[in-house]
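Whatever order the structure lists them in is the order used to number ligands and atoms, beginning at 1.
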Amino acid sequence: MELLSKQATTAGPAELFTGSVWFDVVARGEGDSRLRVNTVRFAPCARTAWHSHSLGQMLQVTEGVGVVATREKVIVMRPGDTVHTPPGEEHWHGAVHDRFMTHLAMWEDDDATWGDHVTDTEYEQATRA
Ligand code: MN
């Protein structure tokens, strides 16, 4: 076994996120493993752009309060909550307007399919619900 050296915390790029988002790579499988685990920290109001994962994604909140939204539904998530988005389902995730939010993101495909940024109107509709 080995203790893995920690990689530098990375800012979420502005093309894919709105607001201040930082992530740490927890695990990235090698060889046959497709395991991907990141810790992602969102400042209040910060969120991903619309996107989907070809093999789905699991999110588990470890701190704060956040939301996951699809075109049809919004889930408020708190520490200990786990949310699954199925393969190909368009969604976004982020913090509520007055709390930070940290989640673990777990998925297996290399890259998400990214769409438009979540507008302030979309964000307010989802977080007001
Ligand atoms: Mn996602």
Output field for angle at the Mn ion (ligand 1), Q57.OE1 vs H93.NE2, rounded to 10°, should show 90°

Check all N, O or S atoms of [X] and name the one closest to the Mn ion (ligand 1).
X: H91; answer: NE2
X: H53; answer: NE2
X: H51; answer: NE2

For R47, is there an ion pair with D120 - N to carboxylate O distance below 4.0 angstrom? yes

Carboxylate-amine/guanidinium contact E90 R71, below 4.0 Å: yes

Is there a donor in the side chain of [X] and an acceptor in the side chain of [Y], or the other way round, less than 3.5 Å apart?
X: Q57; Y: H93; result: yes
X: E122; Y: W92; result: no
X: D24; Y: T9; result: yes

Is the distance from the Mn ion (ligand 1) to the nearest N/O/S atom of T48 under 2.8 Å? no

